[in-house]
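In listed order, ligands and their atoms are each counted from 1.
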Amino acid sequence: MLKSRRIVLYFCILLIVILARNLFKTSTITQMSARSPVVIVGSGLAGLATGTQLVNKYKIPIVLLDKASSIGGNSIKASSGINGAFTSTQQALNVKDSPELFYHDTVKSSQGKGVKPLMEKLSEDSESAISWLQKEFNLKLDLLAQLGGHSAPRTHRSSGKLPPGFEIVQSLKNNLESIEKSDSGLVKISLNSTVVDVNLDSDNKVSSVAYVDSAGKTQTISTKNIVFCSGGFSFSREMLKQYAPELIDLPTTNGQQATGDGQKILEKLGAYLIDMDQVQVHPTGFIDPTNRESHHKFLAAEALRGLGGILLNPSTGKRFVNELDRRDTVTEAIQTKCPKVDNKAYLVLSEKVYEDYKNNMDFYLFKKLIKKITVDEFVSQFRLPISAKEVVADLQNYSSASSDQFGRSLVINTFGDNVASETVIYVGEITPVVHFTMGGAKINREAQVIGKDGNPLASGLYAAGEVSGGVHGANRLGGSSLLECVVFGRTAADSIANQF
Ligand SMILES: Cc1cc2nc3c(=O)[nH]c(=O)nc-3n(C[C@H](O)[C@H](O)[C@H](O)COP(=O)(O)OP(=O)(O)OC[C@H]3O[C@@H](n4cnc5c(N)ncnc54)[C@H](O)[C@@H]3O)c2cc1C
Ligand SMILES: *[C@@H]1O[C@H](CO)[C@@H](O)[C@H](O)[C@H]1NC(C)=O
Ligand SMILES: *[C@@H]1O[C@H](CO)[C@@H](O)[C@H](O)[C@H]1NC(C)=O
């Protein structure tokens with residue numbers, strides 16, 4: 001009697017446990033589907049920062065879509081670094097800076113265009129963006145550079161061999177990929193997946209996103225939130241023709257994926273595209289002698305001139321500009337003074353520049369973008385219109401002049417006093433290149449996409465990074481693009497989390 005009772009009791013407990021378990025299971029499933037994944041379009045730094053914040057901080061699931069076959073967009077190419085004002089690195093190096101000073105520089109550079117509250121947010125949040133990268137990913141970001149238009153050294157990069165864009169992208173990518181492998185269901189990354197459309201429901205809320213998969217099939221994902229992190233349009237001749245037709249013949253430093261897909265999709269939905277005609281041209285992209293016609297060019301980093309490089313005019317063999325003037329001034333000098341046929345100048349560097357910038361120089365030499373030759377060989381191989389003796393005189397003049405004839409203030413790493421026709425120099429061919437598109441879909445401080453009436457266009461619709469507009473106005477300061485990716489990517493994630 002007692003025994004059978006005990007058995008019944010045992011079965012009852014078992015039944016309750018099983019029922020409870022199932023109940024718990026279904027409840028987690030309904031919870032998960034209430035939290036439908038956030039769809040992120042683009043895996044550059046903006047997309048990676050958005051995804052990391054959603055997953056690491058809030059445990060909100062994401063689907064990261066990119067039309068390219070690898071992660072990183074243009075962000076992976078960034079070579080100078082990321083801005084931050086009043087960071088621990090600056091304090092350790094005794095650099096005086098403040099968010100106010102950074103804001104002031106940004107507003108000045110924007111020349112009356114753009115959206116000031118976004119510039120304010122960019123500078124206010126810059127310190128926490130840098131410390132987030134340092135703490136969350138153990139990045140050093142211990143070195144500083146002072147780029148054009150900045151009142152203080154505030155562009156951060158890490159000591160070591162990895163360029164900043166590559167280092168940062170790789171860390172965030174590794175984190176998300178390992179979470180994807182962990183089976184938590186929090187992260188799904190789909191490459192070769194081109195987003196083509198966003199659907200809103202009758203309440204003006206995001207309801208789904210359509211993309212074309214690697215097999216060419218259109219797929220739909222139901223979602224309440226989508227963050228556009230799809231980058232700029234520097235590679236698209238079609239869009240340049242529409243917004244900045246004078247630049248249509250220039251090559252670009254951007255990869256072929258930079259075609260402004262996000263701007264187009266968002267415009268169709270009614271987004272306000274701001275400053276679309278503001279396109280940054282960089283004066284020095286390398287002409288690859290083995291592929292001169294390529295639309296894509298490697299960037300000849302500004303540091304090459306900053307560290308002592310000079311520019312010579314192919315039609316005279318002489319210098320023609322203060323190489324350290326503003327980007328637009330140097331570009332204009334190349335376009336008006338150098339031969340119009342190929343719009344190029346020679347970038348000439350000394351042995352000392354090589355030593356000072358060895359890692360990068362070795363890369364350029366390896367890629368055959370720079371040649372190591374004597375002055376004599378330079379004159380004959382590049383068919384200069386003047387003799388080696390005259391070139392030597394010019395190089396010597398640059399090395400010894402007490403005040404530079406073009407007003408260049410920083411004359412370092414010169415060719416030395418004993419320059420001769422046997423002196424070894426480094427020479428590359430450069431041409432102006434389309435580099436960055438300041439304009440894009442207008443956002444607010446919460447990273448919501450704004451409609452033409454100034455209000456958020458739809459609930460659940462966000463943008464961050466180069467696809468957005470208003471952060472830079474007429475001119476982006478070097479280092480502020482990686483920064484906007486981190487600041488507004490994390491902000492989009494915070495906005496989504498707070499809305500749940
Ligand atoms: C050579 C070079 C050097 C630079 N150096 C610096 C620097 O030192 N500091 C700095 O701050 N900035 C620098 N910049 C600028 C900066 O790298 C970029 O502007 C910034 O990284 C843009 O980031 P993003 O995430 O917005 O876009 P991206 O990094 O370009 O990523 C966009 C991604 O979206 C994907 N995508 C586009 N359309 C679709 C679609 N329809 N469906 C799915 N996916 C799509 C693309 O494939 C791409 O992977 C540099 C740029 C270049 C080209
Ligand atoms: C993406 O496409 C490329 C070639 O177009 C292919 O090599 C690669 O395997 C594809 N990757 C995925 C994840 O489908
Ligand atoms: C040498 O430099 C001076 C000024 O520094 C300039 O006036 C002169 O024209 C230069 N000579 C050559 C050959 O470039």
Side-chain angles (χ1 to χ4, degrees), residues 39-51 63-84 122 126 129 145 147 154-157 163-169 172-173 189-198 209-216 226-236 252-266 280 282 284-286 296-303 433-438 440-441 463-468 471-472 476-489:
V39 174
I40 300 170
V41 187
S43 69
L45 184 55
L48 293 171
T50 306
V63 175
L64 180 58
L65 301 172
D66 200 301
K67 68 176 177 180
S69 57
S70 61
I71 286 177
N74 278 307
S75 303
I76 206 166
K77 301 179 180 177
S79 46
S80 300
I82 174 165
N83 295 335
L122 183 81
S126 65
L147 303 183
R154 63 167 75 100
T155 307
H156 297 62
R157 66 183 194 283
F166 185 87
E167 184 194 37
I168 297 170
V169 162
L172 273 70
K173 167 182 180 259
I189 302 174
S190 282
L191 301 175
N192 295 339
S193 301
T194 308
V195 170
V196 289
D197 208 1
V198 174
V209 47
Y211 70 96
V212 177
D213 71 11
S214 47
I226 178 164
V227 188
F228 273 87
C229 300
S230 47
F233 61 90
S234 289
F235 196 88
S236 168
T252 177
T253 53
N254 281 212
Q256 61 176 18
Q257 78 285 352
T259 50
D261 301 9
Q263 290 84 334
K264 284 188 232 166
I265 295 170
L266 291 170
Q280 187 166 70
H282 196 291
T284 60
F286 278 119
H296 173 261
K297 302 273 186 262
F298 276 100
L299 179 69
E302 198 161 318
V433 273
V434 175
H435 189 51
F436 184 86
T437 49
M438 268 73 69
E466 199 172 339
V467 65
S468 71
V471 181
H472 311 288
R476 170 188 68 107
L477 290 174
S480 278
S481 175
L482 291 182
L483 175 63
E484 84 174 310
C485 291
V486 175
V487 166
F488 290 97

Using modelled atom types only, decide if a donor and an acceptor are shared between the side chain of [X] and the backbone of [Y] within a distance under 3.5 Å.
X	Y	answer
Thr284	Ala300	yes
Thr194	Tyr211	no
Ser468	Ala464	no
Thr437	Phe233	yes
Lys77	Thr253	yes
His156	Ile82	yes

Test of proximity, Asn192 against ligand 2: N or O pairs below 3.5 Å
yes
Atom indices of ligand 1, in the order listed, that fall short of 4.0 Å to a heavy atom of [X]:
X	answer
Ser80	7 (C), 8 (O)
Phe436	19 (O)
Gly42	33 (C), 34 (O), 35 (C)
Gln257	46 (C), 47 (O), 48 (C)
Gly465	26 (O)
Ser193	42 (N), 43 (C)
Cys229	32 (C), 33 (C), 34 (O)
Asn254	53 (C)

Counting both backbone and side chain atoms, is some N or O of Thr253 under 3.5 Å from an N or O of ligand 1?
no
Check whether any N or O atom of Asn74, backbone or side chain, sits under 3.5 Å from an N or O atom of ligand 1, and answer yes or no.
yes
Do any non-hydrogen protein atoms sit less than 4.0 Å from [atom]?
atom	answer
atom 11 (N) of ligand 2	yes
atom 14 (O) of ligand 2	yes
atom 1 (C) of ligand 2	yes

If you look at every heavy atom in [X] and [Y], which pair is closest and at what distance?
X	Y	result
Leu482	Gly81	CD1-O, 3.6 Å
Gly479	Thr155	CA-CG2, 4.2 Å
Ser70	Ser43	O-OG, 4.1 Å
Ser230	Gly262	OG-CA, 3.3 Å
Val169	Ser75	CG2-CB, 3.9 Å
Ser234	Glu466	OG-OE2, 4.5 Å

Does [X] have a heavy atom less than 4.0 Å from any atom of ligand 1?
X	result
Arg476	yes
Ala301	no
Ser480	yes
Cys485	yes
Gly165	no

Just to confirm my output: which protein heavy-atom neighbour is closest to [atom], and how far is it?
atom	value
atom 41 (N) of ligand 1	Asp261 OD2, 2.8 Å
atom 42 (N) of ligand 1	Val195 N, 2.9 Å
atom 25 (O) of ligand 1	Ala46 N, 3.0 Å
atom 2 (C) of ligand 1	His435 CE1, 3.6 Å
atom 44 (N) of ligand 1	Lys67 N, 3.1 Å
atom 22 (C) of ligand 1	Glu466 OE1, 3.7 Å
atom 11 (O) of ligand 1	Leu482 N, 2.8 Å

Regarding Thr259 and Lys67, do their side chains bring together a donor and an acceptor under 3.5 Å, going by distance alone?
yes
For the residue pair Ser193 and Asp213, confirm or rule out a side-chain donor-acceptor distance under 3.5 Å.
no
Hey, which of Ser481, Cys485, Cys229 is the one that makes side chain to side chain contact (heavy atoms under 4.5 Å, CB included) with Leu45?
Cys485
Using a 4.5 Å cut-off on heavy atoms from C-beta on, say whether the side chain of Leu64 contacts that of Leu48.
yes
Is the shortest side-chain heavy-atom distance between Val198 and Ile265 below 4.5 Å?
yes
Under 4.0 Å between heavy atoms, the region of Leu45 that gets near ligand 1 turns out to be backbone
When you measure from [atom] to each heavy atom in [options], which option holds the nearest one?
atom	options	answer
atom 23 (O) of ligand 1	Gly44, Ser230, Ser75	Ser75
atom 9 (N) of ligand 1	Ser69, Gly81, Ala78, Ser481	Gly81
atom 33 (C) of ligand 1	Leu48, Leu147, Thr155, Asp66	Asp66
atom 27 (O) of ligand 1	Ala145, Gly47, Gly260, Gly231	Gly231

With sequence neighbours left out, the residues meeting side-chain hydrogen bond (donor to acceptor under 3.5 Å, both in side chains) with Gln280 are Arg327, Asn475, Arg476
